[in-house]
Trainee: 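Pasting a structure below so you can have a look.
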Number of protein chains: 2
Amino acid sequence: MTNKRKSHQETDRCQVRCIHADRVERARQTAALPDEVIRMAGIFGAIADPTRLKMLLALQNEPMCVCDLAAFLEISESAASHQLRRLKDRFLVKARREGQILYYSLDDDHVRHLLEIGLAHARE
Amino acid sequence: MTNKRKSHQETDRCQVRCIHADRVERARQTAALPDEVIRMAGIFGAIADPTRLKMLLALQNEPMCVCDLAAFLEISESAASHQLRRLKDRFLVKARREGQILYYSLDDDHVRHLLEIGLAHARE
DNA sequence: TAAATATATGAGTATATGTTCATATATTGA
DNA sequence: TCAATATATGAACATATACTCATATATTTA
């Protein structure tokens, strides 16, 4: 089934048909590392959920704590915490502790850029 | 259950607790429109899947047809077509027909930017 | 017009994911 | 140290989603 090695000839007619073997070959050669693809997908996936996206957009203004975000989004603090963990694992937000309170904020400018471009694209 | 109107006072202790009512209020005022959030989430969601992400990365080079992409990704053409539809619906790719063949390519520079920033963030 | 090729689509299925609920951990103040 | 507060986490469940299979549509060629 997995014939990764076998390079496809022009107008190949094996199980995996392909019209432009040269393009497929170039795509293979310039492909990102599997690890990078997984990490990238994880980053975009973290932003892809409406709840998490609203969190990120809110954090564009200023840091907020878990219960602020829960109140803003009208979800439980548990749900907010779960989502924040995912955002933190993917380095989209970071937390700064001040006593009992954890202030979440956007991790860096990459995140801001992604949000800006995403919004611009959504408004097209 | 839904008390959207009721603005929260400082150190509110109702069902939906929130420590910084002012921040929640500002978040509410600057919040993107529900429609925009949904569209944005859809865009990021379209990129979030490893298969679709690899498609987009491959299309950074040059246009490719369905069966090229299927061959590159080692998935069925049906699966490729399904994924391409989602990418097209979200305006991440566009298709140009040339006879029987549909050449897919990135829709615009927003998409390129998103991929670039995403990759940069993944490599950090 | 009929056959072949390229792509699209609907239904079904297995897996991923977001939420809630109950509970655990961490920090502060009495 | 004990109670209160803020956040985190594991399990369970409902929904979303990515794939396969079968079939439909569209374009070209015989």
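So that the names make sense, note that chain A is the first sequence line, chain B the second, and so on, each numbered from 1.
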Trainee: In whole angstrom, give the distance that lies between atom CD of A:Glu77 and atom P of D:dA8.
Mentor: 10 Å

Trainee: Whether the side chain of B:Ser78 and the base of D:dC21 hold a donor-acceptor pair under 3.5 Å is what I'd like checked.
Mentor: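 Counting by modelled atom types and ignoring angles, a donor-acceptor contact under 3.5 Å is found here.
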
Trainee: Of all of residues 89-101 of chain B, which get a heavy atom below 4.0 angstrom from DNA chain D, listed by number?
Mentor: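 Heavy-atom contacts with DNA chain D come from B:Arg97, B:Gly99, B:Gln100.
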
Trainee: Do the non-hydrogen side-chain atoms of A:Ile47 and B:Ile47 ever get within less than 4.5 Å of each other?
Mentor: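 No - every pair of side-chain heavy atoms lies 4.5 Å or more apart.
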
Trainee: Atom CZ of A:Arg86 and atom P of D:dA8: how far apart are they, to the nearest Å?
Mentor: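 It works out to 16 Å between those atoms.
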
Trainee: Measure the distance from CE on B:Met64 to C1' on C:dT7 and round it to the nearest whole Å.
Mentor: 16 Å

Trainee: Going by the angle between their ring planes, with limits at 30° and 60°, are B:His20 and A:Tyr103 parallel, tilted or perpendicular?
Mentor: tilted

Trainee: Separation of A:His82 atom NE2 from D:dA6 atom C1', in whole Å?
Mentor: 15 Å

Trainee: Of all of residues 46-58 of chain B, which get a heavy atom below 4.0 angstrom from DNA chain D, listed by number?
Mentor: B:Asp49, B:Thr51, B:Arg52

Trainee: Separation of A:Arg85 atom CZ from C:dT17 atom P, in whole Å?
Mentor: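 Rounded to the whole Å, the gap is 13 Å.
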
Trainee: How long is the line joining CG of B:Leu84 and C1' of D:dC19, in whole Å?
Mentor: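 To the nearest whole Å, that distance equals 14 Å.
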
Trainee: Give the intermediate values and the outcome of side chain to side chain contact (heavy atoms under 4.5 Å, CB included) for residues B:Leu106 and B:Leu115.
Mentor: CA-CA 11 Å; B:Leu106 298 187; B:Leu115 295 173; 4.2 Å; yes

Trainee: Let me know, please, whether B:Ala79 or A:Gln83 comes out on the 5' side of the other along DNA chain C by nearest nucleotide.
Mentor: B:Ala79

Trainee: So, B:Arg39 and B:Asp35, do they make that salt bridge, N to O below 4.0 Å?
Mentor: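 Yes.
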
Trainee: Between B:Leu87 (CG) and D:dT17 (C1'), how many Å, whole number?
Mentor: 14 Å

Trainee: Starting at CD1 of A:Ile19 and ending at P of C:dT5, how long is that distance when rounded to a whole Å?
Mentor: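 Spelled out: CD1 on A:Ile19 to P on C:dT5 is 11 Å.
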
Trainee: Counting neighbours of NE2 on A:His113 that are heavy atoms of other residues, nucleotides or ligands and sit closer than 6.0 Å, is the number greater than 12?
Mentor: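 Atom NE2 in A:His113 is not packed in, count stays at 12 or less.
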
Trainee: Contact class for B:Ser81 vs. all strands (heavy atom < 4.0 Å): base, sugar-phosphate, or nothing?
Mentor: base

Trainee: How far apart are the closest heavy atoms of A:Val66 and A:Ser81, and which atoms are they?
Mentor: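 Looking at all heavy atoms of both residues, the closest pair is CG1-N, 4.2 Å.
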
Trainee: Is there side-chain contact between A:Thr30 and B:Gln60, with heavy atoms separated by less than 4.5 Å?
Mentor: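 A side-chain contact under 4.5 Å is absent here.
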
Trainee: Using the side-chain contact (heavy atoms from CB on, under 4.5 Å) rule, pick out the option among B:Met64, B:Lys94, B:Lys88 that qualifies with B:Tyr104.
Mentor: B:Lys88

Trainee: Is it true that A:Arg26 and A:Asp22 have a side-chain N and a carboxylate O under 4.0 angstrom from each other?
Mentor: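 Salt bridge: yes.
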
Trainee: Determine: side-chain N/O of A:Tyr104 to OP1/OP2 of D:dA8, distance under 4.0 Å, yes or no.
Mentor: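 True: A:Tyr104 side-chain N/O within range (under 4.0 Å) of D:dA8 OP1/OP2.
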
